[in-house]
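In what follows, a single structure is set out as structure tokens and then discussed.
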Amino acid sequence: MSAVLIDGVAVAKSVRAECRVRISRLLQRTGIRPGLAVLKVGDDPASAIYIRNKTKACDEVGIRSVPHYFDRDCDPQAVIDTILRLNCDPSIHGILVQLPLPPQFKVATILRNISPDKDVDGFHLYNVGALAVGEAIFPPCTPYGVLRLLEHEAIPLEGQNVVVVGASNIVGKPMALMLMQRDATVCICHVKTRDLAQFTILADILVVAAGHPNLILPQMVKTGVVVIDVGITRLPDGRLAGDVDFEGVRQKASYITPVPGGVGPMTVTMLLVNTIASAERAAANLHVSMFPGQIAGSSAVKTA
Ligand code: NAD
């Protein structure tokens, strides 16, 4: 058996075409063009590349991206003040803080100051909770992209054994929640899992997001498995590698995503989808109300 390659570039292209249609309809109907504020602190080269890709993708579909760049040694309060101002700016529908942040920042505090209505990364506690109870507003972009790839290939999820390797807040945990919501039987493994293979061998669908090249070898999967490789590691020779022994595992799998060209293009694309959804919600006057009487994002969060 040689697996069908899931072409993330092609799926992302078709989702972006849908994005353009949604934006032109929204513009025609309401005059609103979706706006994404992009906050970057410092000059991390990888962050610069991610931001360039996101800005380019916004331009491509017609989202207005607005950069806010801060020096590496800036006062975190300056970033919070900007976020609070953007929370109240009706021309901005998404606020993205590029991670990682310098050491003087408490990431959780920064993220909690973003209005849940504009939290297009889906990292605010409110949105995490909404996802956990099956009422996601802005699903985190990477697992959302994985789900779109599985849907695109018409791979059934209900009742399937899905193993997620990696339990981070941005990939593994939300991925597991989204799959549970679709009635899959989900097992989460992480760096402390003993004998990873005894779990991965049971997977009908295996999602790997560990950041560890060649973690998944052919003998660790069953014939016919669907493999989604989220991992991205830059090898010493400059090439990008996923977490799966691609050449070996593709001989046993029914479907597999390549790296690059699998999940990566979908992550940026789902950020566009969330930003458009946010603008549509704003146009329909839909707002998250965290507590009766409270306007979301109206006051700064001080605690970590
Ligand atoms: P992270 O470091 O926050 O989390 C890694 C997770 O993998 C942890 O839960 C850890 O316990 C687990 N893990 C690490 N080594 C393991 C091992 N040997 N066995 C089992 N579990 C192990 O990373 P993250 O932010 O979740 O990202 C994971 C990978 O996905 C990275 O390579 C990252 O670059 C990539 N990533 C890709 C995209 C994309 O768009 N394709 C988006 C986000 C992250």
Side-chain angles (χ1 to χ4, degrees), residues 15-41 47-48 50-71 74-99 101 105 107 109-127 130 136-141 144 267-290 293-301:
V15 177
R16 288 182 195 196
E18 289 165 21
C19 287
R20 276 190 286 274
V21 172
R22 276 170 77 174
I23 290 173
S24 73
R25 279 202 196 122
L26 184 68
L27 253 173
Q28 254 176 10
R29 204 163 40 80
T30 65
I32 292 174
R33 179 180 291 284
L36 177 69
V38 180
L39 279 65
K40 175 167 84 89
V41 185
S47 292
Y50 291 137
I51 287 182
R52 203 181 316 133
N53 289 343
K54 288 168 186 175
T55 307
K56 202 169 140 229
C58 283
D59 291 346
E60 200 185 304
V61 300
I63 293 174
R64 193 174 66 95
S65 66
V66 184
H68 293 268
Y69 295 165
F70 299 83
D71 288 340
C74 74
D75 181 348
Q77 191 56 47
V79 175
I80 291 176
D81 290 345
T82 300
I83 291 172
L84 296 180
R85 195 166 43 72
L86 293 165
N87 282 346
C88 303
D89 180 342
S91 72
I92 292 297
H93 306 96
I95 301 173
L96 174 107
V97 177
Q98 185 64 46
L99 301 178
L101 291 169
F105 282 81
V107 174
T109 305
I110 296 294
L111 298 181
R112 280 168 211 182
N113 275 290
I114 297 174
S115 163
D117 280 313
K118 301 190 179 187
D119 171 39
V120 287
D121 264 333
F123 295 159
H124 189 282
L125 288 183
Y126 185 96
N127 282 319
I137 301 164
F138 301 120
C141 301
Y144 195 10
T267 296
V268 177
T269 302
M270 301 325 280
L271 174 71
L272 308 177
V273 170
N274 276 348
T275 305
I276 296 165
S278 178
E280 289 169 344
R281 282 169 56 83
N285 217 12
L286 287 174
H287 298 286
V288 168
S289 176
M290 290 191 289
Q294 180 186 353
I295 305 295
S298 60
S299 59
V301 177

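Positions are given from 1 along the sequence. This one's a predicted model, so the numbers in the text were calculated from it and none came from an experiment.
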Check: Within the side chain of N87, is there an N or O that forms a donor-acceptor pair under 3.5 Å with the backbone of S115?
Finding: yes
Identify all side-chain donor-acceptor contacts of residues 23-34 below 3.5 Å with residues at least two apart in sequence or on another chain.
residue : atom : partner : partner atom : Å
S24     : OG   : V21     : O            : 3.2
T30     : OG1  : L26     : O            : 2.7
T30     : OG1  : I32     : N            : 3.1
R33     : NH1  : G62     : O            : 2.6

Checklist line | 4.5 Å side-chain heavy-atom contact, I51 and Y69 | finding: yes
Check: Under 3.5 Å, side chain of N113 to main-chain N/O of I80, donor-acceptor pair present?
Finding: no
Checklist line | Side-chain touch V79/C74, heavy atoms, less than 4.5 angstrom | finding: yes
Next item on the list: Could you walk me through whether N285 and H287 pass side-chain contact (heavy atoms from CB on, under 4.5 Å), step by step?
Entry: CA-CA 6 Å; N285 217 12; H287 298 286; 3.2 Å; yes
Margin query: Once rounded to the nearest 0.5 Å, what's the spacing between atom OG1 of T269 and atom OH of Y144?
Written below: 11.5 Å
Identify all side-chain donor-acceptor contacts of residues 271-282 below 3.5 Å with residues at least two apart in sequence or on another chain.
residue : atom : partner : partner atom : Å
N274    : ND2  : V120    : O            : 2.9
N274    : ND2  : P139    : O            : 3.0
T275    : OG1  : L271    : O            : 2.8
S278    : OG   : H93     : O            : 2.6
S278    : OG   : D117    : O            : 3.1
E280    : OE1  : R22     : NH2          : 2.7
E280    : OE2  : R22     : NE           : 3.0

Next item on the list: Look up atom CG in L84 and atom CD1 in I114, then write down how far apart they are to the nearest 0.5 Å.
Entry: 10.5 Å
Next item on the list: Answer yes or no: is there a donor N or O on one side and an acceptor on the other, between the side chain of T82 and the main chain of A78, under 3.5 Å?
Entry: yes
Next item on the list: Applying side-chain contact (heavy atoms from CB on, under 4.5 Å), run through Y126 and D119 and close with a yes or a no.
Entry: CA-CA 10 Å; Y126 185 96; D119 171 39; over 6 Å; no
Notebook entry, point to check: Roughly how far apart are H124 NE2 and I137 CD1, rounded to 0.5 Å?
Noted result: 10.5 Å
Notebook entry, point to check: Applying side chain to side chain donor-acceptor pair (under 3.5 Å), which residue pairs with at least one partner in residues 52-62 are found, sequence neighbours left out?
Noted result: R16-E60, K54-Q98
Note to self: With side-chain contact (heavy atoms from CB on, under 4.5 Å) as the criterion, how do L39 and L86 come out once you've worked through the C-alpha distance, each side chain's angles and the decisive distance to 0.1 Å?
What the structure shows: CA-CA 11 Å; L39 279 65; L86 293 165; 3.7 Å; yes
Note to self: Check whether D121 reaches the backbone of F123 with its side chain - one donor and one acceptor, N or O, closer than 3.5 Å.
What the structure shows: no
Note to self: Ignoring hydrogens, what is the shortest heavy-atom contact between P67 and S65? Give both atom names and the distance.
What the structure shows: CD-O, 3.8 Å
Next item on the list: Name all residues meeting the side-chain hydrogen bond (donor to acceptor under 3.5 Å, both in side chains) criterion together with D89; count only those two or more places apart in sequence or in a different chain, and write none if there are none.
Entry: S91
Margin query: I want to check something: taking the side chain as every heavy atom from C-beta on, are I92 and V66 in contact at a cut-off of under 4.5 Å?
Written below: yes
Margin query: Tell me whether K40 contacts the main-chain N or O of F70 through its side chain, where contact means a donor paired with an acceptor under 3.5 Å.
Written below: no
Next item on the list: Quick one: pull up CG in L36 and CD1 in I95 and give me the separation to the nearest 0.5 Å.
Entry: 9.0 Å
